[in-house]
Amino acid sequence: MDNDPNKLMQMKVAQDAGDFWFPPAASTFAAHVDDVFWFIYWFCAFFFVLIMALMMLFVVKYRRKDGVGPEPSPHHNTLLEVGWSVIPSGMLVIMFWRGFVGYMDQRTPPDEAYDVKVYAKKWNWAFGYPTGDLDNSLHIVNNEPTRLTMTSDDVIHSLYVPAFRAKQDVVPGRYSTMWFTPNKPGEYALFCTEYCGDEHSKMLAKVVVEPDQAGMDKYLNLLADDPNKSPEEKGQQLYLKRGCAQCHSIDGSPNKGPTFKGDYGSVRKLKDGTTCVVEDNYIRESILEPMAKVADGYQPVMPSFKGQLKERDLDYLIAFIKSLKGS
Ligand code: CUA
């Protein structure tokens, strides 16, 4: 539930160990994908070495020598020409077939998969569980097929988990799906692999493969709305989960958006030269219609959260921002 991009980067370094060539293999797709990769790799390496060696050999062997004239070269050799067309074509068909089998498997989710919704926006990920709760990290159960139904609020993003060897574009205005079966508990990095703007490289998330259903239930219980939490605490959770932290600091440090520290009640200078007071209505409007009153000195890059935050979520966020007033 941690959204600090720096921590995610550290996690990535710590978790993406794998071996020298590859990230860890943590899904049922990985073995096949790696097999196809190595097959094509060694195939190409073999012919590269063979062709280069023969070429160099012939350069030396058939170089021009004093007293030796050019030999007549053959004009046509049916057997040779058919051979060098059919044999490589057959090899390409083998490569295609091996890739195609794996591709079809990746494109066909089983019916009984665990469903997680994915919402991408500049520049964070949100994962919606069947319980209705949202989080910015993806928790799934080991050995359980999982299907992601994904959409984007703004531009094209792409969800990539190297450890699962699984990647799929996330497109605005429609759903795209992908699936995988994790087979190794642990934490893995999730990347956006479609260039989507300034902070594309920071659009990371954490995938946690829970060892069993009990671990998943425990996580979902923690995630569920806790009645004992104060509105401020719930607002802080939303601040972390919904990506506000990406651009708005709470310690006064500069970022893409104004800091929330001491923000509430202050007078804000706007881009159009006017001023306004940071109070409930201004915060509410800025979350739903970020372009209405852009703060002076900042780029108008904030996405709208209209339709994605409930009224009470807005109240929680306002309560949280209010609590940072004098801190
Ligand atoms: Cu989202 Cu790159």
Side-chain angles (χ1 to χ4, degrees), residues 1-16 18 22-23 26-27 29 33 106-107 115-129 133-140 146-180 182 187-209 238-249 255-257 286-288 290-291 294 298-309:
M1 282 181 243
D2 200 333
N3 198 33
D4 181 348
N6 294 323
K7 280 194 193 143
L8 280 168
M9 291 300 261
Q10 285 158 15
M11 179 210 73
K12 186 194 86 186
V13 172
Q15 291 295 328
D16 263 11
F22 280 136
S27 86
F29 292 150
V33 171
Q106 292 214 4
R107 296 312 314 145
D115 270 306
V116 180
K117 301 264 188 285
V118 178
Y119 310 98
K121 68 159 60 189
K122 295 194 280 188
W123 290 276
N124 76 301
W125 299 98
F127 302 96
Y129 295 94
D133 293 305
L134 271 179
D135 195 7
N136 63 358
S137 60
L138 173 62
H139 286 241
I140 50 184
T146 302
R147 173 175 40 218
L148 306 181
T149 303
M150 317 185 287
T151 191
S152 165
D153 286 343
D154 35 47
V155 298
I156 300 177
H157 303 273
S158 184
L159 188 150
Y160 179 36
V161 184
F164 296 165
R165 311 290 190 272
K167 176 152 108 53
Q168 176 69 46
D169 277 6
V170 184
V171 183
R174 56 167 296 178
Y175 295 116
S176 54
T177 58
M178 65 191 287
W179 82 282
F180 40 76
E187 290 186 5
Y188 305 98
L190 182 155
F191 298 86
C192 177
T193 46
E194 182 67 50
Y195 181 66
C196 55
D198 286 11
E199 311 263 307
H200 158 70
S201 62
K202 290 184 189 162
M203 193 166 160
L204 307 167
K206 185 164 72 171
V207 182
V208 179
V209 178
L238 285 166
Y239 164 82
L240 292 170
K241 281 193 210 164
R242 299 312 311 269
C244 318
Q246 212 77 282
C247 299
H248 298 278
S249 76
N255 205 327
K256 291 212 166 284
S286 295
I287 294 171
L288 301 178
M291 298 309 135
V294 179
Y298 292 92
Q299 292 300 314
V301 291
M302 176 158 159
S304 167
F305 283 81
K306 206 176 216 163
Q308 300 181 42
L309 290 170

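Positions are given from 1, in the same order as the sequence printed here. Order of listing sets the numbers, starting from 1, for every ligand and every atom in it.
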Parallel, tilted or perpendicular, as decided by the 30° and 60° cut-offs, for the rings of His200 and Tyr195 | perpendicular

Atom name of the N, O or S atom in His157 that lies nearest to atom 1 (Cu) of ligand 1 = ND1

ang(SG Cys192, atom 1 (Cu) of ligand 1, SG Cys196) rounded to 10° is 120°

Least distance between heavy atoms, Thr149 atom then Tyr175 atom = CG2-CD2, 3.8 Å

Strictly under 2.8 Å, is any N, O or S atom of His200 next to atom 1 (Cu) of ligand 1?
-> no

The atom of Glu194 among N, O or S that is nearest atom 2 (Cu) of ligand 1 is O

Test side chain to side chain donor-acceptor pair (under 3.5 Å) applied to Asp169 and Ser176, Ser158, Ser152, the passing residue = Ser158

Between atom 1 (Cu) of ligand 1 and Tyr195, is there an N, O or S atom separated by less than 2.8 Å?
-> no

Parallel under 30°, tilted from 30 to 60°, perpendicular over 60°: which one fits the rings of Trp179 and Phe29?
-> perpendicular

Apply side chain to side chain contact (heavy atoms under 4.5 Å, CB included) to the pair Gln168 and Leu159, showing each step before the final yes or no.
-> CA-CA 5 Å; Gln168 176 69 46; Leu159 188 150; 5.7 Å; no

